[in-house]
Amino acid sequence: MNIVYKSEPERGRRWQRLLAEQAPDIRFQLWPDIVDPEQVDCLIAWQPPDNIMQHFPNLKVLFSVGAGVDQFDYASLPASLPVVRMIEPGLTRGMVEYVTFAVLGLHRNMPRYLQQQRQQVWLEHPGRPASRSRVGVMGMGTLGEAVLQPLVQLGFDCAGWSRTGKNLAGVKSFVGQGELGNFLARSDILICLLPLTAATEGILNAELFNQLPQGASLVQVGRGKHLQHDHLLAALDSGQLSAAVIDVTSPEPLPVGHRFWQHPAIWLTPHIASQTQPESAVQALLDNLRRFERGETMTGVVDRERGY
Ligand code: NAP
Ligand code: GLV
């Protein structure tokens, strides 16, 4: 098996060391120094090169370094080429930590207290138990389901929204466009963990924000293009939303001077909610490569019709 890796180089060198120890039969090359590109079987990429098939004409599998698979130009890829998203426990744990931190921070009014600290204001606001904070997760896939588990254990009133119905203990399941309004109407803290597709682009907009309870808050950990920035700013400024934790934006990096940087009700992080962890990711990659070699279905193959 001959693999090319194209992503952050330091992490690539860690993948290379791990694979050399665990699977010395695999040839693992780091972009852009590729020998014999026509012999490359697999590309694993965050931002792929343009014209992937021209670089690697005999490519057999395309892996994403991350959970998201919206970075690929599917029109340029043969229909028979499997595209595989990353499912690995390190990435999932990172998202669980980030979302738990964000929900607890919002539930405990931390953005407001941080503003007060900066202004040297000692003023308490009424708190409420977690059981009276209604959390709604958009996207109940690998990550959405995982983040819901600790939130249920902490006692939050939890619901999830997805394309197909789910049965997760302690979580109310809302399905499809028809149930979106009811789901939003009961979400005090809304978390976006959707993939970016034609159906979800721009979904975090004024129409959606207006269906949330007044003063609701947002945790945006999906993809930047889910969110219409100006609609969020208007919702925060009008009080329809009270706070937002934003990890992904469009474009990235967020331009200097953008209003998100200084907005008192926004906590902003630079797309770090969760990162693929080399040790567990290499294990997941190897498991999938062995499945592929045995002619079995790999975990996380993208359904091109659905777009995720
Ligand atoms: P996944 O397992 O494919 O789950 C996607 C979920 O979204 C599924 O539950 C799916 O419903 C639902 N969904 C998709 N389109 C929908 C629609 N039009 N209406 C309603 N529900 C819809 O994906 P994942 O591994 O959990 O990852 C989710 C996303 O998180 C990634 O695509 C990426 O954008 C983002 N992410 C961000 C970071 C970060 O650091 N910020 C890190 C990792 C991932 P069904 O289950 O019914 O199909
Ligand atoms: C990160 O955003 C990922 O998709 O893994």
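For ligands, and for the atoms within them, numbers begin at 1 and follow the listed sequence.
- In this structure, the protein non-hydrogen atom closest to atom 29 (C) of ligand 1 is Leu194 O, 3.5 Å.
- Residues Ile246 and Phe209 share a single hydrophobic cluster, defined by chaining ILVMFWY side chains whose heavy atoms lie under 4.5 Å apart.
- Atom CZ of residue Arg291 and atom CE of residue Met298 lie 9.5 Å apart, to the nearest 0.5 angstrom.
- For the side chain to side chain contact (heavy atoms under 4.5 Å, CB included) with Val135, the lone residue among Val147, Asp157, Leu151 that qualifies is Leu151.
- The protein heavy atom nearest to atom 2 (O) of ligand 1 is Thr142 N, 2.9 Å.
- Within the listing of ligand 1, atoms 39 (C), 40 (O), 41 (N) sit less than 4.0 angstrom from a heavy atom of Ala273.
- Each of Arg132, His107, Arg134 was scored for a side chain to side chain donor-acceptor pair (under 3.5 Å) with Asp188, with one residue passing: Arg134.
- Polar contact check, Ala67 against ligand 2: a nitrogen or oxygen pair lies under 3.5 Å apart.
- At least one heavy atom of Leu193 sits closer than 4.0 Å to an atom of ligand 1.
- Contacts of Thr200 with ligand 1, taken as heavy-atom pairs under 4.0 Å, involve the side chain alone.
- Atoms of ligand 1 found under 4.0 Å from any heavy atom of His271, numbered from 1 in the order shown, are 39 (C), 40 (O), 41 (N).
- Close approach to Trp161 involves these atoms of ligand 1, each under 4.0 Å from a residue heavy atom: 19 (N), 20 (C).
- Rounding to the nearest 0.5 Å gives a distance of 15.0 Å between CH2 of Trp31 and CD1 of Ile44.
- Glu207 CD: 12 or fewer foreign heavy atoms inside a 6.0 Å radius.
- Proximity to Ala199 (heavy-atom distance under 4.0 Å) selects the following atoms of ligand 1: 18 (N).
- Note on ring orientation: taking the six-membered ring where Trp is involved, the planes of Phe28 and Tyr5 are tilted (angle from 30° to 60°).
- Grouping the Ile, Leu, Val, Met, Phe, Trp and Tyr side chains by contacts below 4.5 angstrom, directly or via other members, places Leu204 apart from Trp267.
- The NZ atom of Lys6 lies 12.0 Å from the CG atom of Leu30; values are rounded to the nearest 0.5 Å.
- The closest protein non-hydrogen atom to atom 38 (C) of ligand 1 is Met95 CE, 3.3 Å.
- The protein non-hydrogen atom at the shortest distance from atom 8 (C) of ligand 1 is Gly141 N, 3.7 Å.
- Under a 4.0 Å criterion applied to the non-hydrogen atoms of Gly68, ligand 2 contributes the atoms 3 (C), 4 (O).
- In terms of protein heavy atoms, atom 33 (C) of ligand 1 is closest to Arg223 NH1, 3.5 Å.
- Using a 4.0 Å cut-off to heavy atoms of Val221, the atoms of ligand 1 that qualify are 35 (C), 36 (N), 37 (C), 38 (C), 39 (C), 41 (N).
- Summarising the contacts of atom 31 (C) of ligand 1 with Gly68, Gly307, Gly176, the nearest heavy atom is found in Gly68.
- Atoms of ligand 1 found under 4.0 Å from any heavy atom of Val248 (numbered from 1 in listed order, with element): 41 (N).
- Side-chain contact check for Gln71 and Ser64: at least one donor-acceptor pair (N or O, by modelled atom type) lies under 3.5 Å.
- Atom OG1 in Thr197 sits 9.5 Å away from atom CG in Asp70 (nearest 0.5 Å).
- Under a 4.0 Å heavy-atom criterion, Lys166 is in contact with ligand 1.
- The shortest heavy-atom distance from Met138 to ligand 1 is not under 4.0 Å.
- Considering both main-chain and side-chain atoms, Tyr308 comes within under 3.5 Å of ligand 1 through a nitrogen or oxygen pair.
- Annotation: Asp247 places an N or O atom under 3.5 Å from an N or O atom of ligand 1; distance criterion only.
- Of the polar atoms of Ile272, none of the N or O atoms is found under 3.5 Å from an N or O of ligand 1, judged by distance alone.
- Atom 23 (O) of ligand 1 has Arg85 NH1, 3.7 Å as its closest protein atom, hydrogens excluded (heavy atom only).
- Counting atoms of ligand 1 from 1 in the listed order, those under 4.0 Å from a heavy atom of Ala67 are 25 (O), 43 (C), 44 (C).
- At a 4.0 Å cut-off, not a single heavy atom of Gly66 sits close enough to ligand 1 to count as contact.
- Here's the thing with Leu143: one of its N/O atoms is less than 3.5 angstrom from an N/O atom of ligand 1.
- In the hydrophobic cluster analysis, where Ile, Leu, Val, Met, Phe, Trp and Tyr join through side-chain heavy atoms closer than 4.5 angstrom, Ile203 is grouped apart from Val137.
- At the shortest separation from atom 21 (N) of ligand 1 among protein heavy atoms lies Arg163 N, 3.1 Å.
- The line from CZ of Phe292 to OG1 of Thr297 is 11.5 Å long, rounded to the nearest 0.5 Å.
- Counted by atom type alone, Tyr98 and Thr269 present one or more donor-acceptor pairs between their side chains at under 3.5 Å.
- When non-hydrogen atoms are compared, ligand 2 lies under 4.0 Å from the side chain of His271 (C-beta onward) but not from its backbone.
- For ligand 2, the atoms closer than 4.0 angstrom to any heavy atom of Trp46 are 1 (C), 2 (O), 3 (C), 4 (O).
- The aromatic rings of His229 and His258 stand perpendicular to each other, their planes meeting at an angle above 60°, with 30° marking the opposite boundary.
- Ranking the protein heavy atoms by distance from atom 32 (O) of ligand 1 puts Pro195 CA, 3.3 Å first.
- Among Arg223, Arg85, Gln71, the residue whose heavy atom lies closest to atom 4 (O) of ligand 2 is Arg223.
- Atom OG of Ser217 is separated from atom CZ of Arg112 by 12.0 Å, given to the nearest 0.5 angstrom.
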